[in-house]
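Here's the structure we're looking at; comments come further down.
Letters A, B, ... are given to chains in the order of the sequence lines, protein chains preceding strands, and every chain is numbered from 1. Side chains are part of it too, since the values below use all heavy atoms of this structure and drop only hydrogens, waters and symmetry mates.
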Amino acid sequence: MQSITDTLKAKVELALLKLISEDELPDQLVVPSQNPKFADYQCNVAMGLARALKKAPRQIAEDLVANLDVSDICESVEIAGPGFINFKLKEDFLKEVLNGMAVDSRLGLEKTANPEKILVDFSSPNLAKEMHVGHLRSTIIGDSIARFLEFEGHEVLRMNHVGDWGTQFGMLIQYIREEMPDALNNPENFKIASLEEFYRASKKKFDESEEFANASRKAVVDLQAGEEKTLAVWKVFCEASMQHCHEIYELMDINIEDRGESAYNDLLPVVVDDLKKAGHAVQTQGAWGVFLEGYKNEDDEPLPTIVQKSDGGYIYATTDLAAIKYRMLEQKVDRAIYVTDARQKGHFEQVFKISELMEWSKPGDLQHIGFGMMLGKDGKPFKTRDGGTIKLKDLLVEAEERAYKLAKELSPDFTEEEFKAIGKTAGHGGVKYSDLSHSIGTDYKFDWDKMLATDGNTAIYLLMTYARTRGLSRKAGVDVNDMLGKAKLILDDPQEQKLAKKIASLLDIWPSVTRELTPNLLLSYLFEIAKDFSSFWNACPILKPEITQETKESRMLLAALVGRVIEWGLSMIGIKVLDKV
RNA sequence: GCGCUCGUAGCUCAGCUGGAUAGAGCAACGGACUUCUAAUCCGUAGGUCUCAGGUUCGAAUCCUGACGGGCGUACCA
């Protein structure tokens, strides 16, 4: 469906083309009015065109309006101030838009006209250790972006580029060899109770025993040489660790496909060879590196991106390049999006540039989305009381417990089953929501109390708003969704009008959310619609006896639309709604 | 040194492809419950958008420079 802005834009463009040529058209022809006092929508182009047209802005505005026919959708068009053109919407048109949204399973949001194959690289923990809060943002943001793109109609590959290779694995392999020989005979029964402890125990032995340390180093060599028995132990370990990860993914309702770094092992020498042959990689202080323009060291000398170490080993740039080559050339993806911590920005810039030099990708094919740090309430990195790393599992369990307790406290008459459902949804959902309600790029402070607050921009507030629409159905004895496509809208009360406009503006918000990949924009919209619904709820009775049948049905229809928008919107960040909260 | 990034209300944060009087939540203060779930709503107050220049009819937004914080700076990821 065309959004109201787009509908207006098309008409303004038509009128404007009578005054100027097509390549003189400004970018933003129509925008929603910032202050509803002025208008619903406004056009600000007259001021900008004054110089080019050598006319007073007000005159241009008048000429534009003279050529403009919006009588079917606008109640009034007024010129104000220096040359703002203000549009006031016709109620019938607003109703038309809402009715269109009501009967569409996608709320009027169209699929993309150009579906692409898009890879989203996210989560990507290191298998040597248990997942911790450091993996949270990548997992949550990546999943949400994948959901956006899937909803848009793209083919999305959700890839878990797990760290399953490297020197730290030697130690762990040797530990299994010595302490858990059973694992080798019965790999299917092998389970690591606590990865963290396992790592710590291995590390301890490594530090204490010279013999063990040497054996560990040997294990790395064996591993890289592809020695069969060592590979078998490694595999056992990786699978056990991966199982841990997927327990967490299941808790968080996240779908992702694993493909470890080790999958690119065979490609590493090939990639370096490619770079050498193309003349991009050159020898530098015993290593091989690519000198890119614009990278300098302290002495203003060119700085290379190392792709092969002086000892012949490969490093992360090599692995990432191999993955890019594989993804672009073999998997033939149109685009790849990397969701990692913002500190890796420089690294990806370099790797992307090298890929472009090799013509594996074009500018824009590869995108790095860097997120800021998750900090504690005090503004310092989020840690346990004694300064340790917080395990992701522990965080999720605590979130669930806190939400469960809160529900018990506030709605004591609910059933145990309902408490549990709220614990899970509001707990895990709250973690997702508090993360995604902030802009991705900047650091944000995590605060338990804020995450679980019943007011403000939180998951609970939205869940509760949705539950209200369900409660209304129960009370009325009729599902509000039955009104979709059936009831006739009446928008007499200011709160009804405000809410109706907010619902319609989804059609404007969503395209920029998917274009810019900004979950926080979607969530602040959902919060606004929930707020407007609450105001409406308080001002506009629905089931009171004095309410006419028509008004009742119209208001139930509005409630149904709000419910559907919230249900859909939360699903875009991986939260399922509940009938009772 | 160089590069990236941030600086907006007491606090947490939006807004940053330039538009009218800079927004929201929390906290503060004042109101509304024999309720359609008050886990809510209505209202009040709160600002030199770090600072200084510049571009522009118009700057929180773009440019330059300072100041302050965070991060990155060749063989870790």
Side-chain angles (χ1 to χ4, degrees), chain A residues 27-28 31 33-35 37-39 42 44-45 47-48 50-51 56-57 80-84 86 124 126 163 166-168 261 284-291 294-300 302-311 313-317 319-320 340-347 349-350 370 372-373 375 377 379 406-407 409-411 413 437-439 441-445 447 449-450 453-458 460-461 463-465 467-468 470-472 474-476 512 516 520-521 523-524 527-528 531 534-544 547 555 559 580-581:
Chain A
D27 290 341
Q28 284 192 316
V31 292
S33 211
Q34 290 198 345
N35 192 335
K37 202 166 65 187
F38 296 127
Q42 56 179 291
N44 304 328
V45 299
M47 285 81 76
R51 178 161 294 185
F84 296 104
N86 288 331
S124 306
N126 191 310
T167 45
Q168 71 268 53
E261 290 177 351
T284 164
Q285 297 183 18
W288 289 85
V290 180
F291 286 89
Y295 292 88
K296 289 178 202 158
N297 68 8
E298 297 153 27
D299 301 324
D300 216 29
L303 196 63
T305 304
I306 300 293
V307 292
Q308 186 170 17
K309 300 192 280 186
S310 46
D311 67 1
Y314 303 103
I315 58 167
Y316 63 121
T319 312
D320 280 329
T340 80
D341 147 13
R343 286 176 298 191
Q344 294 189 45
K345 189 181 170 175
H347 162 68
E349 259 172 25
Q350 296 174 38
M373 280 204 286
L375 307 172
K377 216 174 164 178
L406 185 72
E409 212 172 282
L410 295 173
S411 307
D413 50 330
S437 59
H438 293 84
S439 47
T442 52
D443 295 349
Y444 88 96
K445 291 181 187 153
D447 178 352
D449 296 330
K450 231 172 127 179
T454 55
D455 42 16
N457 188 4
T458 66
I460 294 184
Y461 182 79
L463 287 168
M464 198 198 67
T465 306
R468 271 184 158 174
R470 302 311 306 154
L472 177 63
R474 284 195 297 276
K475 188 94 176 183
S512 65
E516 312 290 333
N520 69 310
L521 207 65
L523 299 191
S524 73
F527 178 50
E528 280 170 22
K531 264 193 306 182
S534 291
S535 301
F536 155 81
W537 182 263
N538 270 53
C540 303
I542 300 170
L543 300 179
K544 291 271 164 73
I547 302 301
R555 289 177 178 173
K580 285 176 83 177
V581 175

Nucleotide [N], atom [atom2] - distance to [atom1] of [X] in whole Å:
| X | N | atom1 | atom2 | value |
| --- | --- | --- | --- | --- |
| A:Tyr295 | B:A74 | OH | C1' | 13 Å |
| A:Asn44 | B:G58 | CG | P | 16 Å |
| A:Lys531 | B:A14 | NZ | P | 15 Å |
| A:Gln34 | B:G23 | CD | P | 8 Å |
| A:Arg468 | B:U40 | CZ | C1' | 5 Å |

Side chain to side chain, A:Leu472 and A:Arg555, heavy atoms closer than 4.5 Å: no
Nucleotide of [options] approaching [X] most closely (side-chain heavy atoms):
| X | options | answer |
| --- | --- | --- |
| A:Asn520 | B:U37, B:C71, B:G15 | B:G15 |
| A:Lys445 | B:A74, B:U17, B:U12 | B:U12 |
| A:Arg343 | B:C41, B:G72, B:U73 | B:G72 |
| A:Ser534 | B:A14, B:A20, B:U40 | B:U40 |
| A:Ser535 | B:C41, B:U17, B:A20 | B:C41 |
| A:Met373 | B:G70, B:U17, B:C13 | B:G70 |
| A:Tyr444 | B:U73, B:C41, B:C13 | B:C13 |
| A:Pro304 | B:U40, B:U17, B:A74 | B:A74 |

Taking only side-chain nitrogens and oxygens of A:Ser524, does any of them come within less than 4.0 Å of OP1 or OP2 of B:A14? no
Indicate, with a heavy-atom threshold strictly under 4.0 Å, whether [X] touches base, sugar-phosphate, or nothing.
| X | result |
| --- | --- |
| A:Ala287 | base |
| A:Gln42 | base |
| A:Asn86 | base |
| A:Ser439 | sugar-phosphate |
| A:Ala476 | nothing |
| A:Ala342 | nothing |
| A:Arg555 | nothing |
| A:Gly48 | base |
| A:Val307 | nothing |
| A:Ile315 | sugar-phosphate |

Which value, in whole Å, describes the distance between the [atom1] atoms of nucleotides [N] and [M]?
| N | M | atom1 | value |
| --- | --- | --- | --- |
| B:U64 | B:C26 | P | 39 Å |
| B:G47 | B:U5 | C1' | 24 Å |
| B:C62 | B:G43 | P | 33 Å |
| B:C63 | B:C4 | P | 11 Å |
| B:U56 | B:A66 | C1' | 23 Å |
| B:A45 | B:C51 | C1' | 28 Å |

Check for me: is A:Phe84 stacked on B:G19 by the 5.5 Å centroid and 30° plane-angle rule? no
Does the [X] side chain pair with the main chain of [Y], one donor and one acceptor, at a distance under 3.5 Å?
| X | Y | value |
| --- | --- | --- |
| A:Ser437 | A:Leu523 | no |
| A:Asn297 | A:Leu303 | no |
| A:Thr465 | A:Tyr461 | yes |

Taking protein heavy atoms under 4.0 Å as touching, what does nucleotides 26-34 of chain B look like 5' to 3' if B marks base contact, S marks sugar-phosphate-only contact and - marks none? S--------
Report, as a single string ordered 5' to 3', how protein heavy atoms within less than 4.0 Å touch nucleotides 3-8 of chain B: B base, S sugar-phosphate only, - not at all. -SSS--
Could you please name the partner base of B:G30, counting Watson-Crick and G-U wobble pairs only when both distances are under 3.5 Å? B:C42
Which residue lies toward the 5' end of RNA chain B, A:Phe527 or A:Gln308, if each is placed at its nearest nucleotide? A:Phe527
Nearest-nucleotide wise, let me know which of A:Cys540 and A:Ser33 is further upstream toward the 5' end of RNA chain B. A:Ser33
